[in-house]
Amino acid sequence: MLLIENIAVRSNGDLLVTLLHPSASVYAVENPFSHSPSMSLIHTFENANGLTGISETSRDTFIVAAALYPGLAAPYQNTSTLWELKLGSKGEQAIARKIVHICEASLLNGLVTVPSYRAAILVGDSVLGVIFRVDVTTGRYEVVLDIPELKPILGGPIDLGVNGVKIQGGYLYWSNTDRASIYRFPIDGFGYPIQGAEVERIAAIKSATSVDDFAFDRQGNIWAATGFDNMLITIRKDGRDTVVLGSPGELTVAGDTSVAFGKTPMDRHILYVTTSGAAAVPVNGTISEPGKIVAVDTRGRY
């Protein structure tokens, strides 16, 4: 079954999505705002069968996390690799370059480019509960943040800690799936945490039991996928959350995994939501479907 895991938006407005199953592939969706969008395979990575996070470091150059997975469980140990994917003009083949194999990683998940130093990315490991900083030019990596708020809950229902990661206003933001919360920590211009600073929980989600990836709108509100709860929620700047779409018993955004706003004048108000089709936790215990991309018109919400 097709499971879509993450999403990025090209400068031309096309969407890039990563697959967690059945292959380690990146697909492009051209003209997603039109009545007839088209989808095409961009690249399938070797020595892997699933992808997670994706982030753009320079125009049409993206970093992707790949690994070898036994079904829907965490990947096999010593299989986590970061790749660079350079996209060409229409009709040109994408070029993949291996950046680094992170042997001690357990489940590399969300990743984000440091906006003021685009040679560096920050990557969350959902099982280890740490943040890696990776220099995409040299491949050098290190753990730069290791605190309880990144960890999964011991014996928790899902065993996933840090999931989505974003950088905004000098802070690294992340969602913690097990804790159904969003946190932030101040970082410097090179992506290193500020020494002596304290972590801040900006939202303890009341309307869902888990949280996956998220995005900021232009007003600073957060739109978040809830994954196993099959809902899209918003989180205001005061921390209050509201269900926008879906419910635990619906397929509308079943198993939603990631979200991203469009980049063109025609779809800046559209939030694209990727789903896994509730493959891991079927709706009502029995119902699942192939992953899909849902376009949500956010106008009038704030």
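Start at 1 with the first residue, then count along the sequence.
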Look up atom OG1 in T18 and atom CG in N6, then write down how far apart they are to the nearest 0.5 Å.
5.0 Å
Whether D135 side chain and A120 backbone form a donor-acceptor pair below 3.5 Å:
no
Can you name the nearest heavy-atom pair linking R179 to P148, along with the distance?
NH2-O, 3.5 Å
Measure the shortest side-chain to side-chain distance between V26 and L85 over non-hydrogen atoms and say whether it is less than 4.5 angstrom.
yes
D125-S106 side chain donor-acceptor pair, cut-off 3.5 Å
no
Has the side chain of D241 got a donor or acceptor atom that lies under 3.5 Å from a matching backbone atom of S207?
yes
Test item: L82 and V136 side chains (from C-beta on) under 4.5 Å apart, heavy atoms
no
side-chain contact (heavy atoms from CB on, under 4.5 Å) for T81 and N47? Distances and angles first, verdict last.
CA-CA 9 Å; T81 302; N47 300 320; over 6 Å; no
Look at R236 together with D238 and state whether they make a salt bridge at an N to O cut-off of under 4.0 Å.
no
Under the side-chain contact (heavy atoms from CB on, under 4.5 Å) criterion, do I102 and V134 qualify, and how do the steps go?
CA-CA 10 Å; I102 303 181; V134 182; 4.3 Å; yes
With side chains defined as the heavy atoms from C-beta onward, is the minimum distance between D146 and K151 less than 4.5 Å?
yes
In terms of the angle between their ring planes, are Y183 and W174 parallel, tilted or perpendicular, with boundaries placed at 30° and 60°?
parallel
Can you check whether M231's main-chain N or O pairs, donor with acceptor, with T226's side chain at less than 3.5 Å?
yes
Please check this pair: side chain of K292 against backbone of P290, looking for a donor-acceptor N/O pair closer than 3.5 Å.
no
Indicate yes or no: at least one non-hydrogen side-chain atom of P22 is less than 4.5 angstrom from one of L2.
yes
I167/V114 under side-chain contact (heavy atoms from CB on, under 4.5 Å): CA gap, chis, key distance, verdict:
CA-CA 7 Å; I167 293 175; V114 178; 4.2 Å; yes
Do I63 and I54 pass the side-chain contact (heavy atoms from CB on, under 4.5 Å) test, and can you show the C-alpha distance, the side-chain angles, and the key distance before you say yes or no?
CA-CA 5 Å; I63 307 301; I54 181 170; over 6 Å; no
Do S288 side-chain atoms and A278 backbone N/O form a donor-acceptor pair below 3.5 Å?
no
For V165 versus L122, what's the shortest heavy-atom pair and its separation?
CG2-O, 4.1 Å
Would you call I4 and L19 a side-chain contact if the rule is heavy atoms closer than 4.5 Å?
yes
What is the distance from atom OG of S210 to atom CD1 of I158, rounded to the nearest 0.5 Å?
4.5 Å
Quick one: pull up CD1 in I293 and CG in L15 and give me the separation to the nearest 0.5 Å.
5.5 Å
Treating N230 as the side-chain partner and P248 as the backbone partner, does any N or O pair qualify as donor plus acceptor under 3.5 Å?
yes
Tell me whether the centres of the aromatic rings in F216 and Y173 are closer together than 6.0 Å.
yes
Does T298 reach the main-chain N or O of L271 with its side chain, forming a donor-acceptor pair under 3.5 Å?
no
Please report, to 0.1 Å, the donor-acceptor pairs under 3.5 Å made by any side chain of residues 185-192, with sequence neighbours excluded.
unit_1: D188; atom_1: OD1; unit_2: F190; atom_2: N; d: 2.9
unit_1: D188; atom_1: OD1; unit_2: G191; atom_2: N; d: 3.1
unit_1: D188; atom_1: OD1; unit_2: Y192; atom_2: N; d: 2.9
unit_1: Y192; atom_1: OH; unit_2: R133; atom_2: NH1; d: 3.2
unit_1: Y192; atom_1: OH; unit_2: E142; atom_2: OE2; d: 2.9

Over all heavy atoms of both residues, which pair between S181 and A204 is shortest? Give the atoms and the distance, please.
OG-CA, 3.8 Å
Y117, V123: one ILVMFWY side-chain cluster at the under-4.5 Å cut-off?
no
Please report the shortest heavy-atom distance between R118 and E56, naming the atom on each side.
NH2-O, 2.9 Å
Co-membership, hydrophobic cluster, residues Y27 and L51, 4.5 Å side-chain
no
Positive for side-chain contact (heavy atoms from CB on, under 4.5 Å) with D256, one of T274, I233, V273, V294:
V273
Rounded distance (nearest 0.5 Å) linking atom CG of N284 with atom CD of E250:
10.5 Å
Pair T257-D212, side chain to side chain donor-acceptor pair (under 3.5 Å): steps then yes or no
CA-CA 6 Å; T257 52; D212 204 305; 5.8 Å; no
Contact summary for A203 and G239, nearest pair of heavy atoms
CB-O, 4.2 Å
Please give me the minimum heavy-atom distance between D60 and S11, naming the atom from each residue.
OD1-OG, 4.3 Å
Determine which pairs satisfy salt bridge (charged side-chain N to carboxylate O under 4.0 Å, His left out) with at least one residue from residues 158-177, sequence neighbours left out, and list them in order.
K166-D213
Hey, does L87 have a side-chain heavy atom less than 4.5 Å from the side chain of L16?
yes
Is there a path of hydrophobic side-chain contacts, each under 4.5 Å between heavy atoms, that joins I235 and F214?
yes
Nearest 0.5 Å, please: how far is OG in S258 from OH in Y272?
13.5 Å
Between H101 (side chain) and S80 (backbone), is there a donor-acceptor pair under 3.5 Å?
yes
side-chain contact (heavy atoms from CB on, under 4.5 Å), paired with V162, selected from I131, T177, N176:
I131
Please confirm whether the backbone N or O of G161 pairs with a side-chain atom of S126, one donor and one acceptor, at under 3.5 Å?
no
Partner of P75 by side-chain contact (heavy atoms from CB on, under 4.5 Å), out of V127, L108, L107:
L107
Decide yes or no for E5 and N109: does some side-chain heavy atom of the first lie under 4.5 Å from some side-chain heavy atom of the second?
yes
Under a plain distance cut-off of 3.5 Å, with no hydrogens placed, do T113 and T57 share a side-chain donor-acceptor pair?
no
Cluster check V17, F33: I/L/V/M/F/W/Y, side chain < 4.5 angstrom:
yes
E149 CD to E198 CD distance, which is reported to the nearest 0.5 Å
10.0 Å
Does a side-chain heavy-atom distance below 4.5 Å link N49 with H21?
no
Looking only at side chains, do T234 and N221 share a donor and an acceptor under 3.5 Å apart?
no
Pairs satisfying salt bridge (charged side-chain N to carboxylate O under 4.0 Å, His left out), at least one member in residues 25-48, at least two apart
E30-K90
Check whether L150 and L160 end up in the same hydrophobic cluster, where Ile, Leu, Val, Met, Phe, Trp and Tyr are linked by side-chain heavy atoms less than 4.5 Å apart.
no
